[in-house]
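To keep things clear, I will list the structure first and then write my remarks on it.
Per chain, numbering begins at 1; letters A, B, ... match sequence-line order. As the structure is a computational prediction, the values presented were derived from the model and not from experiment.
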2 protein chains.
Amino acid sequence: MEVDPDLVPLGDAVRQLRKVRGLTQEDLSGLTELHRNHIGGIERGERNITIKTMLALARALDVQPAELFSKYRISAATRP
Amino acid sequence: MEVDPDLVPLGDAVRQLRKVRGLTQEDLSGLTELHRNHIGGIERGERNITIKTMLALARALDVQPAELFSKYRISAATRP
């Protein structure tokens with residue numbers, strides 16, 4: 001699968017918080033019912049997950065969803 | 001479609017920010033290339049969108065993604 005620059009900051013945040021919580025990918029898989037490989041792909045920025053999957057990760061990592069997006073700095077779309 | 005309580009805070013944030021920006025759903029549709037009906041469903045909390053779609057909305061609304069999740073207060077998943 002290809003890394004998507006749009007998804008890398010979220011992946012980095014998941015990996016960093018997982019490690020801070022002392023969880024392995026296997027542990028996070030157990031808490032979210034997402035396959036361990038899927039978690040690896042999410043952390044590498046390869047998986048365009050849904051909001052519900054992101055919320056399951058936030059709950060498992062015990063953080064508010066906004067924190068998973070704290071690394072993003074995006075610029076506005078050009079107006080028509 | 002059914003409203004999903006997990007998705008309502010995000011929908012509320014999109015609607016509120018859209019109005020603050022003085023945009024109609026039609027305008028937001030033009031900026032995001034999402035169909036106007038899809039935007040209505042997102043605002044009602046009916047659509048489990050992907051991270052990339054959420055980022056397109058954030059760009060169009062000229063906000064950082066974290067701000068779209070500022071209304072969420074979630075509790076941690078139960079540990080095994």
Side-chain angles (χ1 to χ4, degrees), chain A residues 2-14 17-18 20-24 26-34 38 41-80, chain B residues 2-14 17-18 20-24 26-34 38 41-80:
Chain A
E2 258 176 67
V3 173
D4 182 328
D6 266 357
L7 303 173
V8 167
L10 174 60
D12 288 348
V14 170
L17 285 160
R18 174 173 63 76
V20 163
R21 298 284 186 267
L23 298 171
T24 63
E26 200 70 46
D27 297 330
L28 194 51
S29 168
L31 280 168
T32 57
E33 292 172 11
L34 297 170
H38 193 48
I42 292 166
E43 291 188 352
R44 289 188 299 272
E46 296 169 354
R47 304 289 168 88
N48 184 25
I49 60 173
T50 65
I51 299 300
K52 297 268 290 180
T53 296
M54 177 278 291
L55 291 173
L57 287 165
R59 287 190 179 101
L61 294 167
D62 194 13
V63 289
Q64 293 307 329
E67 196 171 331
L68 290 178
F69 297 97
S70 57
K71 294 174 185 276
Y72 280 88
R73 288 297 166 275
I74 60 171
S75 45
T78 45
R79 292 293 155 85
Chain B
E2 257 176 67
V3 173
D4 182 327
D6 266 356
L7 303 173
V8 166
L10 174 60
D12 288 347
V14 170
L17 284 160
R18 175 173 63 75
V20 163
R21 298 285 186 267
L23 298 171
T24 63
E26 200 69 47
D27 297 330
L28 194 51
S29 169
L31 280 168
T32 58
E33 292 170 13
L34 297 170
H38 193 50
I42 292 166
E43 290 188 352
R44 289 189 298 273
E46 294 169 354
R47 303 291 168 86
N48 185 23
I49 59 174
T50 65
I51 299 301
K52 298 270 290 179
T53 297
M54 177 278 293
L55 291 174
L57 287 165
R59 288 190 179 102
L61 294 166
D62 194 15
V63 289
Q64 293 307 327
E67 195 171 333
L68 290 179
F69 296 98
S70 58
K71 294 174 185 276
Y72 279 89
R73 288 295 167 276
I74 61 170
S75 46
T78 46
R79 292 294 157 83

For this session: Could you have a look at B/V63, B/T32, B/D4 and say which one has the most heavy-atom pairs with chain A under 4.5 angstrom?
Result: B/D4
Problem set entry | chain B contact via A/L68 - side chain, backbone, both or neither, heavy atoms under 4.5 Å | neither
For this session: First locate atom OH of A/Y72, then atom CZ of B/R59, and finally report the distance between them rounded to the nearest 0.5 Å.
Result: 9.0 Å
Problem set entry | Heavy-atom check, side chain of A/I51 versus side chain of B/L10, under 4.5 Å | yes
Exercise. Mind checking whether B/E67 and A/F69 have side chains closer than 4.5 Å, heavy atoms only?
Worked result: no
Problem set entry | Contact winner vs chain A - B/R47, B/R73, B/K52, B/K71, heavy-atom pairs under 4.5 Å | B/K52
For this session: Can you tell which part of B/L55 gets under 4.5 Å to a heavy atom of chain A, answering side chain, backbone, both or neither?
Result: both
Exercise. Any donor-acceptor pair under 3.5 Å linking the side chain of A/Q64 with the backbone of B/I74?
Worked result: yes
Problem set entry | Gap separating the CE atom of A/M54 from the OG1 atom of B/T50, nearest 0.5 angstrom | 11.5 Å
